[in-house]
Amino acid sequence: LKFVELEGTLSELQSLVGIPGLEGPGGHRNIGGGRRRATGIIHDDAAIAEIERRGVKVSITMDDDEVERRIEADMAMMRDIPEYPDDADK
Amino acid sequence: MPWPTDRFPTAGEILLRLAEIQGDARFSSMCSIHDFDNPTHENRPTKYLRIGRLDAGNANRNKVVLTGGIHAREWVPPMALTNLAFKLLEAKHGGSSISIGGAVFSATDVERIIEHVDLYIAPMINPDGYEHSRTSFRLWRKNRKPAPPDPTPDVTYIAPCAPGKDEAIGVDINRNFDVVWKFEDFYIADAVALGKVGSSDRPCDDQFRGIHAFSEAESKNVKFLLDKNPGFYCDCHMFGPVVFHAWGIEQNKKVPGVTPALNPGQVRDGTWPAGTAAGTPGFNDYKEPIGSTFIAEVRALAGLMADATGLATGRRYDTEPGAAPGALTGAADDYATSKNLGVSKPPIKAFTLECHDKFLVDFATEYDGIERELQAAVMALLRHAAVPPPSSGPPSTPSGGRNCFDCRG
């Protein structure tokens, strides 16, 4: 899994909806020149080739390693913390 | 109870914190705590705070509903909304202003919000999913209710999960609301087949809509608040960064390849055809039920919220109709927008605030900034709600701080 930015025209970005392995695109930012930048999540690297084939530029903003590191950090942060403080005594 | 400041809270800690805030003697006259009627599948309670002058009645008061935690893996909004409740009450008690980065909300603003807004905050709508995300699977999005097997006399999925392969657990709460929930009746068949509707009939998908609208305790609980007919609703999520406004189901116009062309001569003039109810199948029978004035007000208010994020951290969120990235159905904000149309109640101005550009957050280095953006956007909404705008023209910003229309480039 990786987080990405997607850059293209509105119609190019809208054409990405439903591509297997892509979650998004999410919020758009108008960057001028008729182009927009959106966010998304890649679940399957095969989606990247399909996105680029449609003329949309893909930039990785958080790669698989960093995603994994953050997931592990979050799980470590919350490890052994009971849902309710009183549960710690049980 | 020690409220964590160096990590995210648990779902239970959020409930305890809400009770602690309500139980603070300084705030007791302006805050009450309530249980939602519907416990979750794993039998967790869900609560909300009501903040304002509890003895003031409803005259000249705008109701505002804030929700967070609908999506389990989006951990920032539940904590940030809980902290905002405390911050608002503490400022009112102390007669002080609230500064969130460069976004300043004066003591007068705070006073007006408490005096003139009837505020409902439900920061943790989906505790089952949150706890699953927190303890087992960080990326979990839905609630935790298993889907019924397919087929049953009442349930037939368009695309059932692979037997023995996929985990058919959980409903995407934000696809379970009764607004174009049954997307296959509204959109072009090819768009449905290609997954271009932002919702899914497949129980193992992250965006599974459920077996019928409002099938889930969590969406019923949000509906309970929206049935109070607030003037404003903001559902807080991650990620964008963007303030979405109406509509998500379409963009006030045809979405190419997804929504059908209108019948010749048809004008989307804010009404459903006589004799039909909202949700009646057949997109070509559907006329866009929000007028241009309403849309302009909603857009302007989204702009105020976005301006506030810019003042808070320097990162101004974008504003878009929810359908700009692609149509999606069954979402809470669209349900709120739709529910009072065609009836004699004022329409609800509804927003989905998508914070930050990722939902995986480094708590130590990123949480504070995202909290500031969320809280500034919500405070801008509350400040606007505290002084109803004139019947025409853009929303005004009352005393204190900068008028954010002046802040734009």
Side-chain angles (χ1 to χ4, degrees), chain A residues 1-6 8-32 36-41 43 47 56 59-88, chain B residues 1-2 4 6-13 15-16 44 73 75 127 131 133-139 141 191-198 206-207 238-244 251 255-258 316-320 322-328 354 356-364:
Chain A
L1 183 151
K2 46 178 71 77
F3 288 85
V4 295
E5 277 189 349
L6 308 163
T9 65
L10 179 61
S11 61
E12 286 170 345
L13 291 170
Q14 286 177 336
S15 80
L16 304 182
V17 179
I19 288 180
L22 169 67
E23 184 176 336
H28 288 193
R29 181 171 294 274
N30 192 335
I31 57 173
R36 289 166 175 250
R37 192 172 290 146
T39 47
I41 299 174
H43 292 272
V56 173
S59 305
I60 295 170
T61 55
M62 186 184 288
D63 64 17
D64 307 66
D65 291 343
E66 179 63 9
V67 165
E68 190 61 31
R69 191 194 70 75
R70 290 197 178 209
I71 289 172
E72 288 178 7
D74 280 349
M75 301 311 278
M77 177 173 62
M78 301 305 253
R79 188 168 297 136
D80 299 329
I81 296 181
E83 185 172 347
Y84 287 91
D86 288 350
D87 293 346
Chain B
M1 181 204 77
D6 59 349
R7 61 166 171 84
F8 289 100
T10 70
E13 285 172 330
L15 286 193
L16 293 175
R44 287 186 174 84
R73 64 194 185 186
W75 290 4
E131 281 299 299
S133 171
R134 187 180 74 81
T135 60
S136 298
F137 182 52
R138 177 68 185 84
L139 303 178
R141 171 181 169 98
V192 172
L194 291 170
K196 289 185 172 291
V197 295
D206 258 358
Q207 295 175 326
M238 301 176 80
F239 58 101
V242 66
V243 184
F244 281 131
Q251 264 189 287
V255 179
V258 179
R316 185 185 187 276
Y317 285 19
D318 221 6
T319 63
E320 293 272 17
L328 63 86
E354 295 277 5
H356 198 45
D357 58 1
K358 302 168 189 71
F359 62 79
L360 289 172
V361 170
D362 184 297
F363 189 92

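Numbered from 1 within each chain, the chains take letters A, B, ... in sequence-line order.
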Inset, instruction - Check whether B/Val243 gets within reach of chain A through its side chain, its backbone, both or neither, counting any heavy atom under 4.5 Å. - result: neither

Legend entry - Main-chain N/O of A/Asp65 paired to A/Glu68 side chain as donor or acceptor, under 3.5 Å: no

Inset, instruction - Just give me the residue among B/Asp6, B/Asp206, B/Leu139 that pairs up with chain A most often, heavy atom to heavy atom, under 4.5 Å. - result: B/Leu139

Legend entry - Segment of A/Ser11 engaging chain B (4.5 angstrom heavy-atom cut-off): neither

Inset, instruction - Please answer whether the main-chain N or O of A/Glu5 pairs with a side-chain N or O of A/Arg37 as donor and acceptor at a distance below 3.5 Å. - result: no

Legend entry - Pairs of heavy atoms under 4.5 Å with chain B: top-ranked of A/Asn30, A/Leu1, A/Thr39: A/Thr39

Legend entry - Structural part of B/Thr319 lying under 4.5 Å from a heavy atom of chain A: neither

Inset, instruction - Using a strict cut-off of less than 4.0 Å between a Lys/Arg side-chain nitrogen and an Asp/Glu carboxylate oxygen, indicate whether A/Lys2 and A/Asp63 qualify as a salt bridge. - result: no

Inset, instruction - Tell me, for A/Arg79 versus chain B, whether the close heavy atoms (under 4.5 Å) come from the side chain, the backbone, both or neither. - result: neither

Legend entry - Pairing of B/Glu13 and B/Arg7 as salt bridge, 4.0 angstrom limit: yes

Legend entry - From CA spacing to verdict: side chain to side chain contact (heavy atoms under 4.5 Å, CB included), B/Arg134, B/Trp75: CA-CA 9 Å; B/Arg134 187 180 74 81; B/Trp75 290 4; 4.2 Å; yes

Inset, instruction - Would you mind checking which part of B/Phe359 comes under 4.5 Å of any heavy atom in chain A, side chain (CB onward), backbone (N, CA, C, O), both or neither? - result: both

Inset, instruction - Identify which part of B/Leu360 has an atom lying under 4.5 Å from any heavy atom of chain A, answering side chain, backbone, both or neither. - result: both

Legend entry - Verdict with supporting geometry, B/Glu131 and B/Arg44, side chain to side chain contact (heavy atoms under 4.5 Å, CB included): CA-CA 10 Å; B/Glu131 281 299 299; B/Arg44 287 186 174 84; 3.7 Å; yes

Inset, instruction - Please check if the side chain of B/Glu354 supplies one atom and the backbone of B/Gly240 the other of a donor-acceptor pair under 3.5 Å. - result: no

Inset, instruction - Check whether B/Phe363 gets within reach of chain A through its side chain, its backbone, both or neither, counting any heavy atom under 4.5 Å. - result: side chain

Inset, instruction - Tell me, for B/Pro241 versus chain A, whether the close heavy atoms (under 4.5 Å) come from the side chain, the backbone, both or neither. - result: both

